Amino acid sequence: MTADIIEKFIDTKADREEPISIFFKQRNTITGIFIRHKDYEELKSKNFWRIVSGTHLEEWKRTRDVNLARLFSGNDFSKLK
C-alpha cells in the first residue's frame with residue numbers, strides 16, 4: 001500500500017487510538033495502533049510506520065513508551081480494517 005492510502009485511513013482512527021487490523025501480504029495479520037512519534041513525518045515519507053501491537057496496548061496507554069512499538073513497511077500491507 002502507498003503511504004497516502006495508509007495515512008488517509010489512519011487519520012480517522014489514530015487520534016482515538018482505535019485498534020486497526022493490519023493484513024500483510026506474506027505474514028499473519030496483527031491488530032494494533034499507529035503512533036505518531038517525533039520521526040513520524042520522516043518515516044511516513046519512506047512508507048514506514050510505528051505500530052504498537054495489541055499485546056502491548058494496555059502498557060502503551062499507561063506509559064507511552066515508544067519502545068513498545070515496532071516499525072513496519074507499508075509496502076507489506078495488503079489491507080487495513
Side-chain angles (χ1 to χ4, degrees):
M1 297 181 86
T2 66
D4 294 334
I5 293 170
I6 296 168
E7 183 179 30
K8 185 176 179 179
F9 182 86
I10 65 173
D11 275 346
T12 58
K13 309 268 184 181
D15 293 337
R16 296 185 306 239
E17 291 191 358
E18 186 177 318
I20 298 170
S21 293
I22 304 153
F23 296 82
F24 293 89
K25 295 175 185 173
Q26 297 184 347
R27 61 175 288 173
N28 293 334
T29 301
I30 65 166
T31 301
I33 58 172
F34 289 79
I35 61 169
R36 292 187 170 137
H37 194 57
K38 59 185 174 185
D39 59 355
Y40 177 80
E41 291 298 322
E42 179 184 352
L43 290 174
K44 179 179 76 171
S45 71
K46 298 174 184 174
N47 202 11
F48 282 97
W49 306 91
R50 284 191 194 279
I51 299 172
V52 176
S53 68
T55 57
H56 298 293
L57 282 178
E58 291 303 318
E59 188 175 352
W60 163 257
K61 289 177 182 179
R62 223 180 43 245
T63 65
R64 299 291 187 196
D65 182 6
V66 75
N67 293 317
L68 296 170
R70 292 183 51 205
L71 283 179
F72 292 91
S73 171
N75 294 327
D76 295 336
F77 297 173
S78 64
K79 182 169 92 171
L80 300 173
K81 187 174 177 186

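Counting from 1, the numbers follow the sequence of the chain as shown. All figures in this text were calculated on a predicted structure; none of them were measured in a lab.
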Practice item. Could you tell me which non-hydrogen atom of L71 sits nearest to which non-hydrogen atom of L43, and how far apart they are? Key: CD2-CD1, 3.6 Å
Check your understanding: Which atoms form the tightest heavy-atom contact between I35 and Y40, and what is the distance?
Key -> O-CD1, 3.8 Å
In terms of hydrophobic clusters joined by side-chain contacts under 4.5 Å, are [X] and [Y] together?
X	Y	result
L68	I51	no
W49	I33	no
I5	F23	no
I10	I22	yes

Practice item. Would you mind reporting whether T31 and L57 have side-chain heavy atoms less than 4.5 Å apart? Key: no
Review point. NE2/H56 to OG1/T63 distance, rounded to the nearest 0.5 angstrom?
Key: 10.5 Å
Exercise for review: For the pair I6 and N47, evaluate side chain to side chain contact (heavy atoms under 4.5 Å, CB included) and give the outcome as yes or no after the intermediate values.
Suggested key: CA-CA 9 Å; I6 296 168; N47 202 11; 3.5 Å; yes
Check your understanding: Can you list every pair that meets salt bridge (charged side-chain N to carboxylate O under 4.0 Å, His left out) and has a residue in residues 60-81, with sequence neighbours left out?
Key -> E17-R64
Check your understanding: Can you list every pair that meets salt bridge (charged side-chain N to carboxylate O under 4.0 Å, His left out) and has a residue in residues 43-57, with sequence neighbours left out?
Key -> E7-K44, D39-R50, E41-K44, E42-K46
Exercise for review: Kindly write out the residues that satisfy ring-ring contact (aromatic ring centres under 6.0 Å, His included) with F24, not counting sequence neighbours, or none if the list is empty.
Suggested key: F72, F77
